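Below: the structure, in structure tokens.
In this text, all values refer to a predicted model and were calculated from it rather than measured experimentally.
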2 protein chains.
Amino acid sequence: MAQVFASEIDADACSTECLHPEAIAPLLGRSLGADGARAVGDLFATLADPSRARIVHLLAITEQDLCVCDIALVLGMSVSALSHQLRFLRERGAVERRKVGRMAYYRLVDDHLRHLVLDASTHIAESVA
Amino acid sequence: MAQVFASEIDADACSTECLHPEAIAPLLGRSLGADGARAVGDLFATLADPSRARIVHLLAITEQDLCVCDIALVLGMSVSALSHQLRFLRERGAVERRKVGRMAYYRLVDDHLRHLVLDASTHIAESVA
DNA sequence: CGAATACTTGAGCCATTGCTCAAGTATACT
DNA sequence: AGTATACTTGAGCAATGGCTCAAGTATTCG
């Protein structure tokens with residue numbers, strides 16, 4: 001298990017009195033390190049933008065793959081903006097492209113992302129009720 | 001269930017030929033609308049920054065609440081930067097503050113967020129292996 | 001009271017980001 | 001070949017975000 005540890009603590013950094021050594025001692029090796037935090041941040045950044053959330057959600061509820069033009073129509077986005085975001089998603093391994101003639105069909109390949117976006121949207125729909 | 005629907009489709013927007021009406025017809029009412037997308041985006045934006053991911057992760061693995069100074073020490077962040085992020089998290093209902101004298105103790109109150117960050121960090125630790 | 005501590009907050013800075021616009025590539029049609 | 005279609009990409013721009021720095025509040029101590 002590739003646990004990512006925090007960088008070593010600079011114990012003299014703080015002005016002593018406010019610390020609770022007994023509280024933080026058990027946490028010292030377990031906090032997210034810089035690499036892990038960046039990876040977690042990147043994962044959630046994928047869905048942190050409304051446009052990408054809509055794209056990923058749409059692909060998550062679709063059985064077949066969709067061409068850029070269809071996605072643009074359904075979401076009401078410009079083809080250019082969509083293509084930029086699809087590139088972003090593709091570089092992060094979230095979606096895959098299948099080219100047929102001059103069309104490009106995209107589908108969601110990251111199942112973790114599918115569950116995240118579907119859970120989140122139902123969770124939000126409930127809490128708004 | 002407060003399902004959020006996409007804005008109505010401007011069917012004439014696209015230059016006809018590339019569309020797959022049979023593919024997009026079943027999707028038309030089910031895509032994430034602007035409000036839902038913003039809500040989903042806000043949820044994931046909470047964890048989309050490495051610093052916030054570390055803060056939320058730390059509070060997620062901690063039973064008791066922690067004072068600002070302790071968090072700053074464990075994460076190696078400046079107190080000011082930390083306070084800004086804690087304010088961000090507090091305004092979104094992710095964490096709560098308990099004041100004792102001149103200290104402020106924070107704890108995670110959003111269980112959805114706790115599961116998200118813990119699932120994500122284990123998921124990432126596995127995939128890095 | 002005044003000084004120190006623990007935290008908060010506003011201003012400003014630099015980096016990032018999501019978009020539009022214009023141009024570019026690749027495939028299909030005639 | 002030439003044009004049209006489907007998508008991609010780079011440049012540039014306005015908006016956002018996270019940080020530092022400095023100042024401010026509130027509580028404690030002497």
Check your understanding: So what does the secondary structure string of DNA chain C come out as, 5' to 3', with Watson-Crick or wobble pairs under 3.5 angstrom, [ ] for crossing and | for pairs with another strand?
Key -> ||||||||||||||||||||||||||||||
Check your understanding: For the side chain of B/Ser80 and the base of D/dC21, is some donor closer than 3.5 Å to an acceptor across the two?
Key -> yes
Checking contacts here: which listed nucleotide ([options]) is nearest the side-chain heavy atoms of [X]?
| X | options | result |
| --- | --- | --- |
| B/Val79 | D/dC19, C/dC7, C/dT5 | C/dC7 |
| A/Arg52 | C/dT20, C/dG18, C/dG10 | C/dG18 |
| B/Ser83 | D/dC7, C/dT8, C/dA6 | C/dT8 |
| B/Arg97 | C/dT8, C/dC19, D/dG10 | C/dT8 |
| A/Tyr106 | D/dA6, D/dG18, D/dT8 | D/dT8 |
| A/Ser51 | C/dC19, D/dT8, C/dC7 | C/dC19 |

Review point. Do A/Tyr105 and A/Val100 touch side chain to side chain, with heavy atoms closer than 4.5 Å?
Key: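 Side-chain contact under 4.5 Å: yes.
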Point to revise | 5' priority, DNA chain C, between A/Val100 and A/Phe88 [closest heavy atom] | key: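 Closer to the 5' end of DNA chain C: A/Phe88.
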Check your understanding: According to the 5.5 Å centroid and 30° plane-angle thresholds, does A/His84 stack upon the nucleobase of D/dT9?
Key -> yes
Exercise for review: Could you tell me whether B/Asp65 and B/Arg98 make a salt bridge, using a distance below 4.0 angstrom between a side-chain N and a carboxylate O?
Suggested key: yes
Exercise for review: Would you classify A/Arg90 as touching base, sugar-phosphate or nothing, given that sugar-phosphate means primed atoms plus P, OP1 and OP2, and contacts are heavy atoms under 4.0 Å?
Suggested key: nothing
